[in-house]
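In what follows, a structure is listed as structure tokens, so that the remarks can point back to it.
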2 protein chains.
Amino acid sequence: MSLRWALIALLTGRPMTGYDISKSFSTSVAHVWHAPDSQIYPELNRMEREGLLTSVEVPWGKKGTKKEYHVTDEGLTEFREWMESPLVPQRQRDPAYLKAAYFDFADPAAVREQLRQQRAYWEEHLAMLERTRASLVDRSHPTLAARIEKLDEREADLAVRYKIYAYDGLIARARTELAWIDDGFTLVDELDGR
Amino acid sequence: MSLRWALIALLTGRPMTGYDISKSFSTSVAHVWHAPDSQIYPELNRMEREGLLTSVEVPWGKKGTKKEYHVTDEGLTEFREWMESPLVPQRQRDPAYLKAAYFDFADPAAVREQLRQQRAYWEEHLAMLERTRASLVDRSHPTLAARIEKLDEREADLAVRYKIYAYDGLIARARTELAWIDDGFTLVDELDGR
DNA sequence: GCCAACTCACTATATCCATAGCTAGTTTGT
DNA sequence: ACAAACTAGCTATGGATATAGTGAGTTGGC
């Protein structure tokens with residue numbers, strides 16, 4: 001259900017076609033809420049039917065047309081309502097922790113390999129988050145830039161600061177994961193007698 | 001798909017009925033992999049059909065019987081294979097971060113209320129994790145106790161240490177969330193001019 | 001003797017989500 | 001002139017997950 005709010009969040013920046021959304025999703029909202037095309041297109045249709053979005057046919061090339069989605073006042077109102085409604089806490093569902101709790105069933109070499117893979121993944125993820133954070137700070141991030149154009153300086157500052165705040169949280173989380181993985185290497189060395 | 005491995009993990013401790021599983025789930029594996037009854041019962045059936053589990057009918061009271069599930073050798077083999085197979089990294093999908101990135105759409109009072117709720121949730125969650133960690137350290141945790149009974153001291157040590165390691169990760173994660181929430185209070189005070 | 005609380009084992013329904021495609025038009029490079 | 005790469009907008013399928021039940025047997029307290 002958060003998908004629709006992620007879509008509205010994205011469309012507050014600028015009106016977009018389904019294709020634009022599916023592309024820019026991966027460089028912005030997807031860092032907090034990933035979704036594949038097969039969810040995005042049907043959800044856009046549903047939201048239009050429910051009046052949260054309207055669409056405008058825009059010509060594309062000589063013959064083609066594309067559908068540009070705009071957030072309606074109703075959509076914005078419901079988005080604000082969601083923003084202020086209580087959060088449903090997420091259940092834990094992380095295979096990495098499930099595996100870690102039962103590492104004694106794997107041999108130490110396999111455990112080290114797991115840890116190496118996780119470390120590589122989180123390092124890459126962290127680097128991406130830091131790049132994105134930097135593009136928010138200098139306001140070069142395309143989705144953000146489009147959005148703050150329409151705002152005055154005070155509003156723009158709010159929008160930017162909260163986005164940086166969200167990324168700071170993601171970055172702290174990634175660093176915590178990396179520290180935990182490093183503790184894992186230490187532990188397996190100790191238990192394996194090195 | 002991780003559900004079946006969570007179930008095998010639990011059943012390596014001791015054979016259990018579906019009901020036992022659904023109950024003890026919440027105090028152990030659910031901390032890393034939550035699942036409702038409606039997933040557990042069908043999955044147990046499927047696993048039995050596929051030969052990962054066998055079941056024994058056990059009398060219950062005067063007339064009733066219950067079904068006790070045991071992990072088969074095949075189940076244990078597949079569990080070990082999963083343990084050593086590469087992890088599929090999880091996509092981000094966290095409404096708390098989605099909201100935080102767009103806090104500028106909510107008024108500061110609503111933002112503070114959100115943060116208070118999250119703080120309360122994570123504090124409680126952290127306390128629970130620390131209680132569970134303590135029960136692992138002194139080996140009083142029922143699921144763990146049942147499991148290490150059958151093991152020699154070295155194997156028991158491995159099982160206990162890795163479980164503590166997993167909880168240390170969850171605890172570090174919870175502390176990171178709490179620190180982030182506190183940063184949120186500071187930020188909203190600053191932006192709201194207090 | 002009866003009720004409440006608990007044990008046991010499910011099911012029904014609907015939505016969410018992932019994987020993996022498809023078709024057709026457009027632009028760019030050679 | 002043609003192919004490759006890209007833009008556009010989907011769909012089909014199957015499995016995962018949440019919410020919310022059902023109903024029957026058992027135990028313990030008063």
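Sequence lines set the chain letters: A, B, ... in the order given, protein chains first and strands last, and positions in each chain run from 1.
- Residue pairs meeting the side chain to side chain donor-acceptor pair (under 3.5 Å) criterion with at least one member in residues 154-164 of chain A, sequence neighbours excluded: A/R161-B/E190.
- At distances below 3.5 Å, not a single donor-acceptor pair connects side-chain atoms of B/E84 with backbone N or O atoms of A/F105.
- Annotation: of the two residues near DNA chain C, B/K23 and B/Y69, the 5′-most nearest-nucleotide partner is B/K23.
- Contacts of B/H125 classified as ring pair (Phe, Tyr, Trp, His ring centres under 6.0 Å), with partners at least two apart in sequence or in another chain: B/Y121, B/W122.
- Each of B/Y41 and B/V88 was matched to the nucleotide of DNA chain C holding its nearest heavy atom; the match closer to the 5' end belongs to B/Y41.
- Residues passing the side-chain contact (heavy atoms from CB on, under 4.5 Å) test with A/T65, sequence neighbours excluded: A/E57.
- Under the ring pair (Phe, Tyr, Trp, His ring centres under 6.0 Å) criterion, A/F25 pairs with no residue, sequence neighbours left out.
- Following rounding to the nearest Å, B/I40 (CD1) and C/dT11 (P) show an atom-to-atom distance of 14 Å.
- Taking CG of B/L151 as the start and CG of A/D104 as the end, the distance is 8.0 Å to the nearest 0.5 Å.
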Pull out every protein N or O sitting under 3.5 Å from an N or O of nucleotides 16-18 of chain C, one pair per line with the distance.
{"from": "C/dC17", "atom 1": "OP2", "to": "A/Q39", "atom 2": "NE2", "distance (Å)": "3.2"}
{"from": "C/dC17", "atom 1": "O3'", "to": "B/R93", "atom 2": "NH1", "distance (Å)": "3.0"}
{"from": "C/dA18", "atom 1": "OP1", "to": "B/R93", "atom 2": "NH1", "distance (Å)": "3.2"}
{"from": "C/dA18", "atom 1": "OP1", "to": "B/R93", "atom 2": "NH2", "distance (Å)": "3.3"}
{"from": "C/dA18", "atom 1": "OP2", "to": "B/R93", "atom 2": "NH2", "distance (Å)": "2.7"}

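- Results of the ring-ring contact (aromatic ring centres under 6.0 Å, His included) test with B/Y165 over A/F185, A/Y97, A/Y102, A/W180 single out A/W180 as the only residue that passes.
- Put simply, B/Y19 has a side-chain N or O that comes within less than 4.0 Å of OP1 or OP2 on C/dT7.
- Taking every nucleotide of DNA chain D with any atom under 4.0 Å from a non-hydrogen atom of chain A, the first and last of them, 5' to 3', are D/dT7 to D/dT19.
- Counting non-hydrogen atoms under 4.0 angstrom, B/D20 reaches the backbone sugars and phosphates but no base.
- The nearest whole Å value for the distance from the CD1 atom in B/I21 to the C1' atom in C/dC10 is 14 Å.
- Following rounding to the nearest Å, B/F25 (CZ) and C/dC8 (P) show an atom-to-atom distance of 18 Å.
- Between B/L7 atom CG and B/M16 atom CE the span is 10.0 Å, to the nearest 0.5 Å.
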